[in-house]
Chemist: 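So that we are looking at the same thing, I have put the structure below in structure tokens.
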There are 2 protein chains.
Amino acid sequence: MAYDAHPPAETSMAKLVLRLGVKLRFAKDQEIFAQSDAADLLYLVVSGAVRTMRLFGDGRRQIAAFYFPGELIGPEAGAVHRFAAEALDETVVVAVRLSTLDAVAGGPELERAIWQATRRELERVQEHLLVLGRKSAAERVASFLLTLARRTPGLHVSVPMSRQDIADYLGLTIETVSRGISEFKRRQYISATSTHQFRLTGLSALQTLASGEAAA
Amino acid sequence: MAYDAHPPAETSMAKLVLRLGVKLRFAKDQEIFAQSDAADLLYLVVSGAVRTMRLFGDGRRQIAAFYFPGELIGPEAGAVHRFAAEALDETVVVAVRLSTLDAVAGGPELERAIWQATRRELERVQEHLLVLGRKSAAERVASFLLTLARRTPGLHVSVPMSRQDIADYLGLTIETVSRGISEFKRRQYISATSTHQFRLTGLSALQTLASGEAAA
DNA sequence: CGCTGGATTGAGTCCGGTCAAGCCTTGTGG
DNA sequence: CCACAAGGCTTGACCGGACTCAATCCAGCG
């Protein structure tokens, strides 16, 4: 899941998208695509970050995933998007029509790359499912921080999303997320340089928590 | 998600698996494959039913999915299974080595079929995610019954799994599942002919509940 | 330097979990 | 064919963790 773990096929697809695609810029909270929009574009995040989400009729919201620079959005969808995508922040993406990609570089190579992207997406969602199904609030927050940490080297974690975004990703409320983070600070599992920048000072304690074992 | 909605590519793959595969019989609760087993086989459920699940260190269990006759298990996995699979009941599956499938009918047709199966799997997991992230106990149970109902025609729903299985699928306890079902009976949303056979007598009420809107 | 909106903290409530009885179905053996 | 045992399911009483409501804090920004 770290950048350097991307299989070759997808890395080369990313390069292809960069070459063929159109660069688009989105402001914070701006919609990149809506639920039930046609899903004929593939997106590569260049800078910033993206959330995909579904909104329920009564205002409840579930965030399905976050996407960071270097990651692809889109191939998981069928003809129509099943989730909406929004920029977390000032964000640049490169978009390319799937048919264009196919015309220029179609064939088994492309199919395999798209399948790999879909497969990785599936694995992520399955891990997310475990967190939502069987973990306590503290375990969820710990899992979340560790997942973010895995995407950047070192113990420094950048958390570009709001507490509300985290809550809607983890199936919690902002208050519960905030309490979790405060508790981790108190126990010195983490230290904060700002509300969105942490340092994981008790990595193993967090890992124990996230894995769902009882901690001392 | 109903049988007749299966895209052609996957239906033809199912036929291929049936022709090339080996028929295996499993007793109730018997393991079909373990987590971290090599994932080089594709399974087609012929009769019975299968659950895939992950077990945590402290005994907590999350069921990822249920599979019924006509459905494929396996293509979602990488080199190694990330979940274990067990028979819900006396179950027959046909298993075929992916390399065999590839040798006999390799090529873009097969790749596309596997990708489609992966994609449908992803969609299912994403819907499951919404249920776990943002729904109340009653909403979860309603969603579950409706998902099962969608797989067979008519209002009759067969629920072959135990209450414990349902609980571990929905992120609840058996008691809460049982209370939910009892409440639905009381309100006459469902009627039961046995503990594992229901009739959806209040379909629209269940749908309203499951969709997450406030009900009267 | 004050304003604004996100984040934190506190108090109280409630939904779902826990613990504990019973019930009912299924299967088995007399 | 019935008696009984075993295990899954249901129901009840109580508890606790996460939610709700509300007040404050604080960082970023004009």
Side-chain angles (χ1 to χ4, degrees), chain A residues 27-29 51 56 58-62 88-90 131-145 158-187 190-198 209 212 214-215, chain B residues 27-29 56 58-62 88-90 131-145 159-187 190-198 209 212 214-215:
Chain A
K28 182 174 163 65
D29 296 329
R51 62 172 171 261
F56 291 79
D58 58 356
R60 281 181 281 182
R61 190 178 73 149
Q62 177 66 43
L88 276 187
D89 224 327
E90 185 78 14
V131 172
L132 296 190
R134 281 289 171 230
K135 294 197 178 169
S136 71
E139 290 167 354
R140 292 181 200 205
V141 175
S143 297
F144 178 73
L145 291 175
S158 174
V159 183
M161 64 287 291
S162 69
R163 298 293 189 264
Q164 185 65 62
D165 283 336
I166 301 173
D168 287 343
Y169 180 79
L170 295 177
L172 301 170
T173 60
I174 41 173
E175 293 93 332
T176 302
V177 169
S178 188
R179 279 184 242 274
I181 290 172
S182 297
E183 179 64 20
F184 290 165
K185 285 182 196 163
R186 216 167 297 126
R187 296 195 200 172
I190 62 177
S191 64
T193 60
S194 84
T195 28
H196 296 282
Q197 300 289 332
F198 299 108
L209 243 183
Chain B
K28 183 176 161 65
D29 297 329
F56 291 78
D58 58 357
R60 280 180 283 183
R61 189 178 73 149
Q62 176 66 42
L88 276 187
D89 222 327
E90 185 79 13
V131 171
L132 295 190
R134 280 288 171 233
K135 294 196 178 169
S136 71
E139 290 167 354
R140 291 180 202 207
V141 175
S143 297
F144 178 72
L145 291 175
V159 183
M161 64 288 289
S162 69
R163 298 293 189 264
Q164 186 64 62
D165 283 336
I166 301 174
D168 288 344
Y169 180 78
L170 295 177
L172 300 170
T173 60
I174 42 174
E175 292 93 332
T176 302
V177 170
S178 187
R179 279 185 243 274
I181 290 172
S182 298
E183 180 63 20
F184 290 165
K185 286 182 197 163
R186 215 167 297 126
R187 297 196 199 170
I190 62 176
S191 65
T193 60
S194 83
T195 27
H196 296 282
Q197 300 289 332
F198 299 108
L209 242 184

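Every chain is numbered from 1 and lettered A, B, ... according to where its sequence line falls, protein lines coming before strand lines. Everything quoted here is computed from the prediction, not taken from an experiment. Note: hydrogens, waters and symmetry copies are ignored here, and every other heavy atom, side chains too, is used.
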Chemist: Rounded to the nearest Å, what distance is computed from the NZ atom of residue A:Lys185 to the P atom of nucleotide D:dC26?
Modeler: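 So the NZ-P distance, A:Lys185 to D:dC26, works out to 11 Å.
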
Chemist: Within the pair A:Thr176 and D:dG17, is there a side-chain N or O less than 4.0 Å away from OP1 or OP2?
Modeler: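 No.
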
Chemist: Do any side-chain nitrogens or oxygens of B:Ser178 fall under 4.0 Å of OP1 or OP2 in D:dC9?
Modeler: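 False: B:Ser178 side-chain N/O out of range (4.0 Å or more) of D:dC9 OP1/OP2.
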
Chemist: Let me know the distance between CD of B:Gln197 and P of D:dC9, rounded to the nearest Å.
Modeler: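 Those two atoms, CD and P, are 13 Å apart.
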
Chemist: Atom CG of B:Leu132 to atom P of D:dA18: distance rounded to whole Å?
Modeler: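 Checked: the CG to P distance equals 16 Å.
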
Chemist: What is the distance from CD of A:Glu175 to P of C:dT9, rounded to the nearest Å?
Modeler: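 After rounding, the reported distance stands at 12 Å.
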
Chemist: Regarding B:Leu172, tell me which of base, sugar-phosphate or nothing describes its non-hydrogen contacts under 4.0 Å with the strands shown.
Modeler: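 Sugar-phosphate, no base atom in range.
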
Chemist: Specify the angle, to 10°, made by the local axes at the two ends of the helix from C:dC1-D:dG30 to C:dG30-D:dC1 when five pairs are taken at each end.
Modeler: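 Terminal axis comparison yields 30°.
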
Chemist: Working to the nearest 0.5 angstrom, can you tell me the gap between A:Leu145 CG and A:Phe184 CZ?
Modeler: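 It comes to 6.5 Å.
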
Chemist: Quick check against the 3.5 Å criterion: does B:Arg163 have a side-chain atom that pairs as donor or acceptor with the backbone of B:Ile174?
Modeler: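 No; judged by distance alone, with no hydrogens or angles, the pair does not exist.
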
Chemist: Which is true for A:Gly180 with a 4.0 Å heavy-atom rule: it touches a base, it touches only sugar-phosphate, or it touches nothing?
Modeler: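 It contacts nothing in the nucleic acid.
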
Chemist: Kindly say whether B:Arg61 contributes a backbone atom to a donor-acceptor pair with the side chain of A:Arg134 at under 3.5 angstrom?
Modeler: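 Looks like yes, one N/O pair under 3.5 Å.
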
Chemist: Map B:Thr195 and A:Val177 onto DNA chain C by nearest heavy atom, then report which one ends up closer to the 5' terminus.
Modeler: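 Counting from the 5' end, the first nearest nucleotide belongs to A:Val177.
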
Chemist: Whole Å only: how far is the NZ atom of A:Lys28 from the C1' atom of D:dG28?
Modeler: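 In whole Å, D:dG28 C1' and A:Lys28 NZ are 12 Å from each other.
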
Chemist: Check whether any side-chain nitrogen or oxygen of B:His196 sits under 4.0 Å from OP1 or OP2 of D:dC9, and answer yes or no.
Modeler: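 Result: yes.
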
Chemist: Hey, which of these two, A:Arg179 or A:Ser194, hits DNA chain D nearer its 5' end, going by closest nucleotide?
Modeler: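 Taking each residue's closest nucleotide, the earlier one in sequence belongs to A:Arg179.
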
Chemist: Checking salt bridge (charged side-chain N to carboxylate O under 4.0 Å, His left out) between A:Glu183 and each of A:Arg187, A:Lys185, A:Arg179, which is the one that passes?
Modeler: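 Among A:Arg187, A:Lys185, A:Arg179, the one that satisfies the salt bridge (charged side-chain N to carboxylate O under 4.0 Å, His left out) with A:Glu183 is A:Arg187.
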
Chemist: Measure from the side-chain N and O atoms of B:Gln62 to the backbone N and O of B:Tyr169, and report whether any donor-acceptor pair falls under 3.5 Å.
Modeler: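 Pair found, side chain donor or acceptor close to backbone of B:Tyr169.
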
Chemist: Distance-only, no hydrogens or angles: does the B:Glu139 side chain make a donor-acceptor pair with backbone N or O of B:Ser136 under 3.5 Å?
Modeler: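 The answer is yes, because a donor-acceptor pair under 3.5 Å joins these two groups.
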
Chemist: What I want to check is whether an N or O donor and acceptor connect the side chain of B:Gln164 with the base of D:dC9 at under 3.5 Å.
Modeler: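 A donor-acceptor contact between them is absent.
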
Chemist: Got a sec, which residues hit salt bridge (charged side-chain N to carboxylate O under 4.0 Å, His left out) with A:Glu90, two or more places apart in sequence or on another chain?
Modeler: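 If we apply the salt bridge (charged side-chain N to carboxylate O under 4.0 Å, His left out) test to A:Glu90, skipping adjacent residues, the hits are A:Arg25.
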
Chemist: So which nucleotide from C:dT8, D:dC9, D:dC19 ends up closest to the side chain of A:Arg163?
Modeler: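 That would be C:dT8.
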
